[in-house]
Amino acid sequence: MTESDAPANTRRMHEVSPETVDLVDLVLEYSRRRILSTDTPLDGPVAEAELARLVGRTVVDEGIGAARALQLFEDVLAPACITTDHPQYLSFIPTAPTKAATAFDLVVSASAVYGGSWLEGSGAVFAENQVLSWLAGEFGLPDTAGGVFVQGGTLGNLSALVAAREAARTRCEEAGEVPPARWRIVCSAEAHSSIASAARVMDVEVVPVPVGDSGMLTGADVRGALEEHGSSVFAVVATAGSTNFGIVDDVASLATLKAEFDFWLHVDGAYGLAGMLSPLARARFAGVEQADSVIVDPHKWLFAPFDACALIYRDPAAGRRAHTQHAEYLDTLTETSEWSPSDYAAHLTRRARGLPFWFSLATYGAQAYRDAIGASLQLAHDIAREIDTREGLRLVREPQLSVVVFERDGWSRADYAEWSARLLAEQRAFVTPSSHQGRPNTRFAILNPMTTFEQLVGILDTM
Ligand SMILES: *Cc1c(COP(=O)(O)O)cnc(C)c1O
């Protein structure tokens with residue numbers, strides 16, 4: 001190996017020296033401990049002033065050294081972060097990466113893979129695309145469907161909706177029509193906040209459609225909005241597993257309207273679409289096979305580490321038309337027909353973030369995933385039955401997927417907040433208060449295969 005001409009303090013950052021070997025060992029040993037630990041506590045947030053006192057200044061000209069920085073992380077910073085893969089983390093949407101996926105995340109970093117183009121990352125892109133094709137097949141999309149892993153559902157929804165509007169604009173132009181003064185997205189009033197966020201970024205309008213008692217958006221609900229707003233509606237968004245309740249819209253009846261109206265059907269399945277892999281829930285997703293685009297987050301119910309969203313287009317060329325970046329220095333990439341992931345979303349440089357999921361899926365096989373998802377569905381069903389039998393507890397809705405929302409008779413917002421804070425302080429569970437139509441409640445979002453019925457019963461006993 002040639003000697004670098006750089007000054008010594010620069011060289012030590014990149015050279016392989018005894019000091020570097022020690023540093024890498026230190027980091028890998030910590031990672032090994034954490035991945036194999038079975039008793040990492042839930043932990044919790046720490047006030048900024050307290051962190052400042054415990055950590056002090058770490059960014060200084062001379063550096064504080066790897067041993068000291070890692071020690072601070074292990075002793076102070078990591079315990080100030082909630083352990084999201086803890087079996088009793090039941091708030092929001094948890095994460096529960098498999099051991100293979102977590103371990104392989106280290107490999108992705110170690111390999112310095114550029115995941116944006118075929119030229120630079122063909123091997124990684126090939127493996128990611130196998131996973132996307134497999135998912136597309138599970139969702140009933142054609143063999144030609146494809147897309148890209150993006151950072152999260154928010155970016156996935158935005159990228160899909162940008163492609164949808166581009167398709168509508170092109171159609172309008174080709175038909176010689178005047179484009180509408182305002183483009184519109186129709187979705188359920190219960191759709192995820194990221195749809196409104198995408199609309200703000202795109203400067204388009206959201207038409208929120210109220211839903212009936214079932215919480216499911218249907219074709220009948222949407223028809224009025226399509227008739228009223230005509231061809232200004234470029235997309236209808238179906239939610240396949242709402243975040244708060246796990247409700248799956250009636251995608252089949254929404255898809256039927258495509259025969260009468262020209263719109264792009266996008267399915268936001270960030271959390272719930274994984275449920276389609278289990279025969280226990282598959283029937284709820286009828287119609288997804290007619291979507292123009294779908295998203296699902298492997299960092300939610302597909303057991304991958306943060307952060308990954310699979311964005312899949314029925315016609316990938318539509319995604320490419322909307323998103324390819326053109327620049328002189330990129331011409332060598334964009335003037336080929338090779339599959340470059342950068343072309344399919346609002347991004348350029350990207351980590352090959354689909355690889356941890358690929359490695360895990362290749363390691364354990366698809367059936368293990370189906371069974372793990374089925375186990376969450378079964379556990380949600382079982383704990384719902386338990387809640388039914390308990391005096392003073394009431395299900396707000398029968399769970400469709402793996403989110404169980406329930407109330408305690410007579411509890412105010414403050415009661416839920418106090419109870420929730422106590423559970424975390426005692427390191428028993430992380431279960432946050434929620435609400436529906438102004439009434440406070442709480443929920444179990446169940447997707448970690450290590451969560452047990454007994455643990456959930458133990459939490460109910462504290463109410
Ligand atoms: C979580 C979620 C999102 C947002 O996904 P992020 O990965 O958090 O950006 C969008 N839609 C639904 C239905 C979700 O559950």
Side-chain angles (χ1 to χ4, degrees), residues 35-36 38 83-90 92-105 127-128 130-141 149 240-241 243 245-248 267 269-286 288-289 294-306 308-310 312 354-386 398-404 443-457:
I35 294 171
L36 299 180
T38 54
T83 302
T84 55
D85 62 348
H86 193 285
Q88 276 105 282
Y89 181 118
L90 300 157
F92 313 115
I93 300 290
T95 192
T98 67
K99 295 304 175 198
T102 303
F104 202 77
D105 210 31
E128 286 187 313
Q130 276 200 346
V131 177
L132 292 169
S133 291
W134 172 73
L135 285 173
E138 292 293 318
F139 303 149
L141 294 168
F149 288 97
T243 320
F245 281 102
I247 295 168
V248 182
V267 173
Y271 148 62
L273 195 52
M276 202 169 172
L277 302 186
S278 167
L280 294 178
R282 189 173 174 84
R284 294 191 188 281
F285 297 88
V288 167
E289 72 285 352
V294 307
I295 64 151
V296 62
D297 278 353
H299 65 223
K300 289 180 173 171
W301 207 3
L302 286 171
F303 317 114
F306 299 128
C309 164
I312 304 174
L355 286 184
F357 181 31
W358 162 76
F359 180 73
S360 181
L361 196 54
T363 297
Y364 303 122
Q367 189 60 42
Y369 279 75
R370 287 183 215 294
D371 293 347
I373 292 161
S376 317
L377 290 163
Q378 187 62 48
L379 181 51
H381 175 269
D382 292 346
I383 201 67
R385 296 292 70 80
E386 175 67 22
E398 186 59 32
Q400 285 191 1
L401 298 177
S402 69
V403 181
V404 183
R443 55 197 270 292
F444 289 158
I446 302 165
L447 57 72
N448 190 326
M450 300 305 282
T451 306
T452 66
F453 182 74
E454 287 67 34
Q455 289 163 357
L456 298 181
V457 165

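Because the structure is predicted, anything quoted here is derived from the model rather than measured.
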K.L.:
Is a side-chain N or O of R443 found less than 3.5 angstrom from the main chain of F92, in a donor-acceptor match?
P.N.:
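Here the side-chain-to-backbone pair exists.
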
K.L.:
Give me the atom names and distance for the closest heavy-atom approach of G241 to Y271.
P.N.:
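Distance-wise, the nearest heavy atoms are O-CD2, 3.7 Å.
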
K.L.:
Going by side chain to side chain contact (heavy atoms under 4.5 Å, CB included), name the residues that satisfy it together with P399, two or more places apart in sequence or in a different chain.
P.N.:
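Counting only residues at least two positions away or on another chain, P399 forms a side chain to side chain contact (heavy atoms under 4.5 Å, CB included) with A384, L395, V404.
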
K.L.:
Looking at CD of Q455 and CE of M450, how far apart are the two atoms once the value is rounded to the nearest 0.5 Å?
P.N.:
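Result: 8.5 Å between the selected atoms.
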
K.L.:
Are T98 and T363 close enough, and set up right, to give a side chain to side chain contact (heavy atoms under 4.5 Å, CB included), and what steps lead you there?
P.N.:
CA-CA 10 Å; T98 67; T363 297; over 6 Å; no

K.L.:
Report yes or no: does R284 contribute a side-chain atom to a donor-acceptor pair with the main-chain N or O of V248 at less than 3.5 Å?
P.N.:
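Side chain of R284 to backbone of V248, a donor-acceptor pair under 3.5 Å: no, none is there.
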
K.L.:
Given side chains that start at C-beta, do those of D105 and P305 come closer than 4.5 Å, heavy atoms only?
P.N.:
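Sidechains of P305 and D105: in contact.
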
K.L.:
Can you give me the closest heavy-atom contact between G275 and F285, atom names plus distance?
P.N.:
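Taking G275 first and F285 second, the nearest heavy atoms are C-CE1, 3.7 Å.
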
K.L.:
With a 3.5 Å distance limit and no angle check, can you tell me whether S360 reaches the backbone of P356 through a side-chain donor-acceptor pair?
P.N.:
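Answer holds: no.
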
K.L.:
Taking the side chain as C-beta and beyond, is there a heavy-atom pair between F139 and V267 under 4.5 Å?
P.N.:
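In short, these two side chains do not touch, never coming nearer than 4.5 Å.
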
K.L.:
Side chains of W358 and F104: does their closest heavy-atom pair fall under 4.5 Å?
P.N.:
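Yes; the side chains approach each other to less than 4.5 Å.
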
K.L.:
Less than 4.5 Å apart, any side-chain heavy atom of C309 and any of D297?
P.N.:
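Result yes, sub-4.5 Å side-chain heavy-atom pair found.
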
K.L.:
Could you give the distance from CG (L361) to CG (L302), rounded to the nearest 0.5 Å?
P.N.:
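Answer rounded to 0.5 Å: 8.5 Å.
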
K.L.:
Side chains of D85 and P97, heavy atoms from C-beta outward: is any pair under 4.5 Å?
P.N.:
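D85 reaches P97 side chain to side chain.
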
K.L.:
Using a 3.5 Å distance criterion without hydrogens, assess whether the side chain of T451 forms a donor-acceptor pair with backbone atoms of L447.
P.N.:
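Answer holds: no.
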
K.L.:
Please list, chain by chain and in numerical order, all residues satisfying side chain to side chain contact (heavy atoms under 4.5 Å, CB included) with S278, sequence neighbours excluded.
P.N.:
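Result, side chain to side chain contact (heavy atoms under 4.5 Å, CB included) vs S278: L280, I373, L377.
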
K.L.:
Heavy atoms only: give me the nearest L273-I295 pair and the separation to one decimal.
P.N.:
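Closest pair (atom of L273, atom of I295, distance): CD2-O, 3.8 Å.
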
K.L.:
To the nearest 0.5 Å, what is the distance between NZ (K300) and OG1 (T243)?
P.N.:
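Separation between the atoms: 5.5 Å.
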
K.L.:
Please report the interatomic distance CG(L401) to CE(M276), rounded to the nearest 0.5 Å.
P.N.:
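These two atoms lie 12.0 Å from each other.
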
K.L.:
Is there a side-chain contact between T95 and Y89, using heavy atoms and a 4.5 Å cut-off?
P.N.:
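Side-chain contact under 4.5 Å: no.
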
K.L.:
Counting C-beta onward and ignoring hydrogens, is there a side-chain heavy-atom pair between F357 and L135 closer than 4.5 Å?
P.N.:
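Yes - at least one pair of side-chain heavy atoms lies under 4.5 Å apart.
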
K.L.:
CZ/F444 to CG/L379 distance, rounded to the nearest 0.5 angstrom?
P.N.:
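Answer rounded to 0.5 Å: 9.5 Å.
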
K.L.:
Donor-acceptor check, side chain of K99 to backbone of L36, threshold 3.5 angstrom: yes or no?
P.N.:
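Judged by distance alone, no pair lies under 3.5 Å.
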
K.L.:
Suppose the criterion is salt bridge (Lys or Arg N to Asp or Glu O under 4.0 Å): which pairs have a residue in residues 369-382, not counting sequence neighbours?
P.N.:
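Qualifying pairs: E138-R370.
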
K.L.:
Just checking, is any N or O donor in the side chain of S402 or W301 under 3.5 Å from an acceptor N or O on the other one?
P.N.:
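No, no side-chain donor-acceptor contact under 3.5 Å.
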
K.L.:
Check whether any side-chain heavy atom of I383 sits under 4.5 Å from a side-chain heavy atom of F453, and report yes or no.
P.N.:
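The answer is yes, as the side chains (C-beta and beyond) meet within the 4.5 Å cut-off.
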
K.L.:
Do you know the tightest heavy-atom contact between I312 and L132?
P.N.:
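Nearest pair, atom of I312 first, then L132: CD1-O, 3.7 Å.
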
